[in-house]
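Everything below concerns the one structure shown next.
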Amino acid sequence: MYNEIEKQAIDVLFNATIKLDSEVSKDKITLEFPPNHDMGDIASTVTFQLAPILKKSPAMIAEDIVEVIEVPKIFTKIESKGPYVNFFIDYNIFAEGLLNSINSDYGQLSKIDEKIVLEHTSANPNGPLHIGHIRNSIIGDSIRRLLLSSGRQVETQYYVNDMGRQLAMVVYGIKELGLQIEDQGQSKIDHNIGLIYLKVNQELEKDPSIDEGVTNLIKEYEQGTNEELNQLFHDTIDKCLTGFKQTLKRMNVYHDKYVWEGDFIRNGDVDKYVDEMVEIGYARMEDVLRLKLGDYQIKNDLVLRRADGTSLYSTRDIAYHMYKCDQGDIVLDILGSDHKLAFKQVKAALTILEKIEEDSDDVSVLFYEFITLVDGSMSSRTGNFISVDDLIDESVKRANIEIKSRRQDLSEDEISEIAEIIGVGAIRYYISRLSPEKHIKFKWDEALNFEKGCASIQYAHARASKLLQNAIDQGINLDQLSFEDNWQPNQFEINLVRTLSKFPKLISESAEIRRIHPIANYCQELASDFNRFYKENKVVGSEFESSRLILVEKAKITLHNALDILGVTAPERM
RNA sequence: GGGCUUGUAGCCUAGCUGGAUAGGGCGUUAGACUCCUAAUCUAAAGACCGUGGGUUCAAAUCCCACCAAGCCCGCCA
């Protein structure tokens, strides 16, 4: 609906430029939103492009355009203001059309023939997920939802790091130090494993020879001939992943597939690609086997094998990325900014192996900066971290207290259910609203804010729900609403309609640049517009009851769908 | 030392392919519930856009230098 209006604006602008003998191609005519509503709904800056051609100031050209431009029915007027050509939408016409076009899957754009293989989270299975990891999961999962909404196909993968040193240390603790996962006394199994990892690190400080034992375990597991050892590695990882999955499920984070890195050793891919890189001449044996990447403006060699012949993370990651390239059209990783160099190296390797063109965007990353605690960075090794489980528990606990102080009429079960929705929402929103390149210093009170945070958006949704329920209780059939003939949207209704109309464009643009924080911003804006409308307009029992109920219903849908992209549940009441 | 990222009101932040009065939010101050949930709304105060140069008709946005914070430069992942 909104698209059509933009098209009309571009058409008449185009015709106007022809009349002025200064035709510009239609795709060069870009539109933007004016800084405030007094200046209209749509603005064009074509005049800046025409200025050098016509040798006149943009402001004069704007006046000329307005002089000759034909005003389509959907606009009340087109004005020039300085260099801008501003379009004013006729909401008496537009509101009904727009609202009629909103159905339950508003924001779901038409299908794009593109499949994206999206890897996110992929935390090492050596202890619980902490708040550093969860930024990855939240961004990754929201990107998945955003890309799906934009019409693309997405497969999300969790890359299970079973060959790494960290995991081997846990296994060492179980096998050689007699530590039992079930004996660690933590409430969740991944926390138990984290405690073993911590203990092995402490032992290692006292007895450096443990290091050699761990190395031997890695070697033996990579050879894969010791069935009992294989089983121990697998069991340990499975247990840890069981814990992860519980946490991720609670956070509304979904993976389609878990891919084990060891598989790329077992199926021979790692050897095959290493051999190929040797053959092509980029990998050379010096002190160890090194991949030379000077041709790709990377000074640091990538070591492909340890001196003892075992593989390294980066090597296996190359094989994994080769695999992912075959699974879809686009490969997208969500990674912490500490992986920037490593990723460049992997990408260079993919180029060497002729999987992708140099500088291709088909394999790319969304990087995010770290979350640190006030007293320094997090570390599973030293146990200095806040686990996601603790974070959720605290958030839900606070939400619970908040609800109890507001609602005395709800049962304990109802409160718990709503507290979970609000608590998890607060966390997801806190991460989603920020640009990924912003470094976060974690503070409880900032993360878990129930006023003007996510809760206020959820509240707007709950309000809308309640309002519709009230209407139903009065015997109104929501399926048979129609606009009153004399309804002319007032300023509050116009603002709400305008914001609603921006949603599909927001989806396509955000998906294009692969950013989720514009969606979070939008949720806030929409909730705000809805709350203002609600405050100033009686709905049930008003002169325009039917039109307003339609407006409320559509706002509710949009709020719901926007929150859904952020993985935030929209509650029916709170 | 080299590279990448960030620096916007007391605090958090959007804007960064240059263009309209730098947009939100928290907090502060002053108001609003006999009226569909006040987790709300209204109003006010609060910003030399890190600093210094430069390019331009026009710079928060581009270029250079500097300062500050974070990250990377492993036979860790």
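Computation of the quantities below employed the complete heavy-atom set of this structure, encompassing side-chain atoms and omitting hydrogens, waters and symmetry-equivalent molecules. Each chain gets a letter, A, B and so on, in the order its sequence line appears, and its residues count up from 1.
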In this structure, how many angstroms lie between the [atom2] atom of [N] and the [atom1] atom of [X], rounded?
X        : N      : atom1 : atom2 : answer
A/Gln345 : B/rG3  : CD    : P     : 17 Å
A/Gln408 : B/rU37 : CD    : P     : 16 Å
A/Phe533 : B/rC35 : CZ    : P     : 19 Å
A/Asn521 : B/rC16 : CG    : P     : 12 Å
A/Phe450 : B/rC12 : CZ    : P     : 21 Å
A/Tyr430 : B/rC11 : OH    : C1'   : 12 Å
A/Ile415 : B/rA39 : CD1   : P     : 15 Å

Closest listed nucleotide, where the reference is the side chain of [X] and the choices are [options]:
X        : options                : answer
A/Ser528 : B/rU37, B/rA20, B/rC41 : B/rC41
A/Gln166 : B/rU37, B/rG2, B/rC76  : B/rC76
A/Lys538 : B/rU37, B/rC35, B/rC75 : B/rC35
A/Phe48  : B/rA20, B/rG19, B/rA39 : B/rG19
A/Ser435 : B/rA39, B/rG2, B/rA14  : B/rA14
A/Glu437 : B/rU6, B/rC75, B/rU37  : B/rU6
A/His517 : B/rA14, B/rU40, B/rU13 : B/rA14
A/Lys438 : B/rC75, B/rU13, B/rC36 : B/rU13
A/Arg532 : B/rC41, B/rC75, B/rU13 : B/rC41

If I pick the [atom1] atom on [M] and the same atom on [N], what distance separates them, to the nearest angstrom?
N      : M      : atom1 : value
B/rU61 : B/rA9  : P     : 15 Å
B/rU6  : B/rU13 : C1'   : 13 Å
B/rG15 : B/rA59 : C1'   : 13 Å
B/rA60 : B/rG3  : P     : 27 Å
B/rC71 : B/rU55 : P     : 37 Å
B/rG46 : B/rU8  : C1'   : 14 Å
B/rA47 : B/rG23 : P     : 13 Å
B/rG7  : B/rA45 : C1'   : 25 Å

Practice task
With RNA chain B as reference, determine whether A/Pro436 or A/Ala460 sits nearer its 5' end, using the nearest nucleotide of each.
Solution key: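 The answer here is A/Pro436.
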
Fill in the blank from the handout: Between A/Leu467 and A/Gln524, the residue closer to the 5' end of RNA chain B by nearest nucleotide is A/Gln524

Practice task
Could you tell me how the ring of A/Tyr84 sits relative to the ring of A/Phe48: parallel (under 30°), tilted (30 to 60°) or perpendicular (over 60°)?
Solution key: perpendicular

Practice task
Please work out whether the ring planes of A/Tyr159 and A/Tyr320 are parallel, tilted or perpendicular, with thresholds of 30° and 60°.
Solution key: parallel

Within the structure shown, what part of the strands sits under 4.0 Å from [X] by heavy-atom distance: base, sugar-phosphate, or nothing?
X        : answer
A/Leu289 : nothing
A/Pro34  : base
A/Leu434 : sugar-phosphate
A/Lys340 : sugar-phosphate
A/Asp473 : nothing
A/Phe367 : nothing
A/Gly164 : sugar-phosphate
A/Arg316 : sugar-phosphate
A/Ala471 : nothing

Distance-only polar pair, side chains of [X] and [Y], donor-acceptor under 3.5 Å:
X        : Y        : result
A/Glu543 : A/Trp487 : no
A/Asn384 : A/Ser379 : no
A/Ser405 : A/Glu402 : no
A/Thr121 : A/His133 : no
A/Arg428 : A/Ser432 : no

Partner nucleotide of [N] by Watson-Crick or wobble geometry (both distances under 3.5 Å):
N      : value
B/rC26 : B/rG10
B/rG1  : B/rC73
B/rA65 : B/rU51

Practice task
Would you confirm whether A/Gln408, through its side chain, and A/Lys404, through its main-chain N or O, come within 3.5 Å as a donor-acceptor pair?
Solution key: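 Looks like yes, one N/O pair under 3.5 Å.
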
Problem - Under 3.5 Å donor-acceptor, A/Asn136 side chain and A/Ile334 backbone - result: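 Yes, A/Asn136 side chain to A/Ile334 backbone: donor-acceptor pair under 3.5 Å.
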
Would you tell me if any nitrogen or oxygen in the side chain of [X] comes within less than 4.0 Å of OP1 or OP2 on [N]?
X        : N      : result
A/Asn449 : B/rA39 : no
A/Arg463 : B/rU37 : no
A/Arg406 : B/rU37 : no
A/Lys443 : B/rC11 : no

Exercise for the section: State whether the aromatic ring of A/Tyr84 stacks on the base of B/rA20, taking stacking to mean ring centres under 5.5 Å apart and ring planes under 30° to each other. Expected result: yes

Contacts under 3.5 Å, N or O only, protein and nucleotides 71-74 of chain B:
unit_1: B/rC73; atom_1: O3'; unit_2: A/Asn300; atom_2: ND2; d: 3.3
unit_1: B/rC73; atom_1: O2'; unit_2: A/Asn300; atom_2: ND2; d: 2.3

Exercise for the section: Tell me whether the guanidinium CZ or amine NZ of A/Lys340 lies under 6.0 angstrom from the six-membered ring centre of A/Phe367 and within 45° of its axis. Expected result: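 Output yes; distance and angle both within limits.
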
Handout entry: Step-by-step side-chain hydrogen bond (donor to acceptor under 3.5 Å, both in side chains) determination, A/Ser510 to A/Arg515
Key = CA-CA 5 Å; A/Ser510 302; A/Arg515 303 210 148 220; over 6 Å; no

Practice task
Check whether the side chain of A/Asn36 and the base of B/rU21 form a donor-acceptor pair under 3.5 Å.
Solution key: yes

Practice task
Classify the side chain of A/Asn86 and the base of B/rA20 as holding, or not holding, a donor-acceptor pair under 3.5 Å.
Solution key: yes

Exercise for the section: Start with the C-alpha distance between A/Glu63 and A/Ser80, add both sets of side-chain angles, then the distance that settles side-chain hydrogen bond (donor to acceptor under 3.5 Å, both in side chains), and finish with yes or no. Expected result: CA-CA 6 Å; A/Glu63 281 179 35; A/Ser80 69; 5.2 Å; no

